[in-house]
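Below, read A as the first sequence line, B as the second, and so on, with proteins coming before strands; counting in each chain starts at 1. A quick note: this is a predicted structure, and the numbers were derived from the prediction, not measured.
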There are 2 protein chains.
Amino acid sequence: MTESKSVNLTKRATYELRQKIIHGGLPGGTRLFEVALSEELQISRTPVREAMSRLAEEGLLERAPGGGFQVRSFTLRDVTDAIELRGVLEGTAARLAAEQGADPDKISEINILLDRLDRCFAGDGDQVDFDAYSELNGQFHARLADLCQSPVILRELERVKSLPFASPSAFVLGQAETARSHRSLTQAQAQHRAMVQAVVRREGARAEAIAREHARIARGNLEETFVADSQASDGVPGLSLIVR
Amino acid sequence: MTESKSVNLTKRATYELRQKIIHGGLPGGTRLFEVALSEELQISRTPVREAMSRLAEEGLLERAPGGGFQVRSFTLRDVTDAIELRGVLEGTAARLAAEQGADPDKISEINILLDRLDRCFAGDGDQVDFDAYSELNGQFHARLADLCQSPVILRELERVKSLPFASPSAFVLGQAETARSHRSLTQAQAQHRAMVQAVVRREGARAEAIAREHARIARGNLEETFVADSQASDGVPGLSLIVR
DNA sequence: TATACATTGTTTGTATACATCGAAGGGCAT
DNA sequence: ATGCCCTTCGATGTATACAAACAATGTATA
């Protein structure tokens with residue numbers, strides 16, 4: 001039982017395809033042919049079809065007119081809209097959480113996450129532990145949204161975040177200059193605390209407004225990063241999806 | 001060639017399954033078995049699988065843990081959240097449209113729709129032509145949202161609206177008493193005009209606020225209708241999906 | 001009596017052959 | 001030369017057989 005390469009062929013195909021798309025191996029608009037892919041992956045058409053179905057569900061592929069699938073292409077406008085949309089949904093979640101009141105235990109856990117986030121860029125001058133920050137930042141956003149207790153809203157939020165460039169941590173990785181990153185992450189962290197405070201104080205409108213502003217900053221950062229260097233997509237998951 | 005029952009077996013299976021789910025033939029949580037369905041529909045497992053995949057994409061089914069699919073179940077809370085979410089998304093679309101300015105030609109077309117909507121409940125005392133109203137109302141909402149020019153946002157909005165009970169016209173059909181309907185539809189129509197006005201005047205925040213309030217009323221109407229008569233779901237597409 | 005293990009049945013996963021549809025290209029007629 | 005039709009080819013759609021995974025149930029043994 002040392003060899004555990006078996007798992008599911010569908011899962012493997014889904015994974016391989018997703019990776020290839022995210023890392024730019026398959027440009028937007030590329031049509032995917034079942035036979036070609038199944039030969040390339042050395043599996044039959046069935047799991048390939050299944051994988052394409054799932055990736056379409058995720059939003060990375062779209063059904064082509066007349067059958068089949070093609071890689072979805074995202075313009076820069078699409079990307080900024082997705083981030084704006086994320087802000088809107090997170091704002092809605094925060095507002096609902098504030099309106100209906102949040103479990104104090106969950107608030108405590110969230111505050112612990114915030115403390116740990118602080119430590120990612122404390123001391124050491126302007127050094128920031130990006131990896132740790134991204135991880136914790138993602139957890140924070142997920143926990144905060146969870147407070148709204150609405151499966152329907154969380155589901156749609158997850159959909160939007162699953163677009164690689166739209167996740168709360170994707171843009172952090174896009175930051176090139178450490179100094180500016182340090183500044184903007186400090187600002188982001190202040191907004192994190194303000195959002196939690198607003199939820200605790202049952203100030204729904206304020207929580208929503210901050211969440212939106214928070215995403216707007218992410219959007220701005222991404223735009224700058226992208227415009228400043230079109231090659232910045234190297235190594236940044238998702239950014240390679242952006243065309244035009 | 002007189003017999004044109006051929007089309008696509010996948011399409012037929014998708015249609016049949018969707019109808020069965022929407023009309024309550026398959027309660028929420030029901031697990032779907034490929035063999036059973038393929039025998040019932042007299043087709044092979046393959047198009048049935050494909051149909052289930054597509055309905056999962058639509059949001060009517062969900063992937064079951066350990067493989068397979070089951071009918072998604074919606075609580076009353078889910079439904080109200082979905083309508084709230086629709087309001088949020090339509091509000092965002094309206095705000096973006098206002099911020100970036102809308103094509104006057106499209107505004108004209110929208111105004112024509114509004115005039116036709118007026119005629120659905122003009123004259124004849126409190127009589128309302130519900131069918132015509134629903135159709136035109138749906139068109140109005142679609143056209144208004146279109147003004148935002150954002151494929152990403154429109155896509156998510158379409159997703160939410162495709163939940164049968166969350167579409168802008170579904171709740172209209174849920175109205176039992178003609179008199180109250182007449183009153184609330186008059187109010188809705190006033191909001192329609194106010195939204196267009198706000199977009200034309202480039203008042204993004206106002207357009208967004210009205211769109212949200214508009215959906216809130218829909219939500220309230222649905223809740224009343226539903227609570228007043230739990231059997232009200234008869235003949236109202238989608239309402240039968242609601243459990244608890 | 002309880003537990004471990006094997007056996008059986010049900011359901012999805014996978015491979016593959018065949019059908020069908022649609023587009024592209026070539027040949028024929030005008 | 002051009003327009004139309006017919007053929008052909010390549011792609012997805014469909015059927016079906018078989019494999020694998022999982023759960024349930026029964027049985028044997030401690």
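Between A:H141 and A:H192 there is a side-chain heavy-atom pair separated by less than 4.5 Å. Put simply, the side chain of A:Q42 does not reach to within 4.5 Å of the side chain of A:L9, judged on heavy atoms.
Proximity of A:R49 to the phosphate of C:dT14: no side-chain N or O atom is located under 4.0 Å from OP1 or OP2. The side chain of A:T46 places no N or O atom within less than 4.0 Å of a non-bridging phosphate oxygen (OP1 or OP2) of C:dT14. For C:dC21, neither phosphate oxygen OP1 nor OP2 lies less than 4.0 angstrom from any side-chain nitrogen or oxygen of B:N8.
Residues B:L163 and B:E58 approach most closely at CD2-O, 4.3 Å, considering heavy atoms.
Whole-Å rounding puts the A:I43 CD1 to D:dA20 C1' distance at 16 Å. Atom CZ of B:R45 and atom C1' of D:dA17 are 10 Å apart (whole Å). Atom-to-atom, CZ of A:R54 to C1' of C:dT12 comes out at 11 Å; the value is rounded to the nearest Å. Between A:E34 atom CD and D:dG13 atom C1' there is a gap of 9 Å when expressed in whole angstrom units. Atom pair B:M52:CE and C:dT12:P shows a separation of 7 Å (rounding to whole Å applied). Note: CZ (A:R12) to C1' (D:dA20) measures 16 Å, nearest angstrom. The separation between A:E39 atom CD and D:dG10 atom P is 12 Å, rounded to whole Å. Look at CG on B:L37: it is 12 Å from P on C:dT11, rounded to the nearest Å.
Across the strands present, D:dA30 finds its partner in C:dT1; the criterion is a Watson-Crick or G-U wobble pair with both atom distances under 3.5 angstrom.
With hydrogens and angles left out, the side-chain atoms of A:T75 and A:D78 include a donor and acceptor closer than 3.5 Å.
Take the nearest nucleotide of DNA chain C for A:G66 and for A:E50: the residue whose nucleotide is more 5' is A:E50. Taking for each of A:F69 and B:Q42 the nucleotide of DNA chain D with the nearest heavy atom, the 5'-most of the two is the partner of A:F69.
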Does the side chain to side chain donor-acceptor pair (under 3.5 Å) test come out yes or no for A:E62 and A:Q70, once each step is laid out? CA-CA 6 Å; A:E62 58 192 358; A:Q70 62 191 33; 3.1 Å; yes

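The residue A:R63 sits apart from the nucleic acid: no heavy atom pair falls under 4.0 Å.
For A:R31, counting side-chain heavy atoms from C-beta on, the closest listed nucleotide (C:dG13, C:dT14, D:dT12) is D:dT12. Distances were taken from every side-chain heavy atom of A:L9 (C-beta onward) to each of D:dT12, C:dA15, D:dG13; the shortest belongs to C:dA15.
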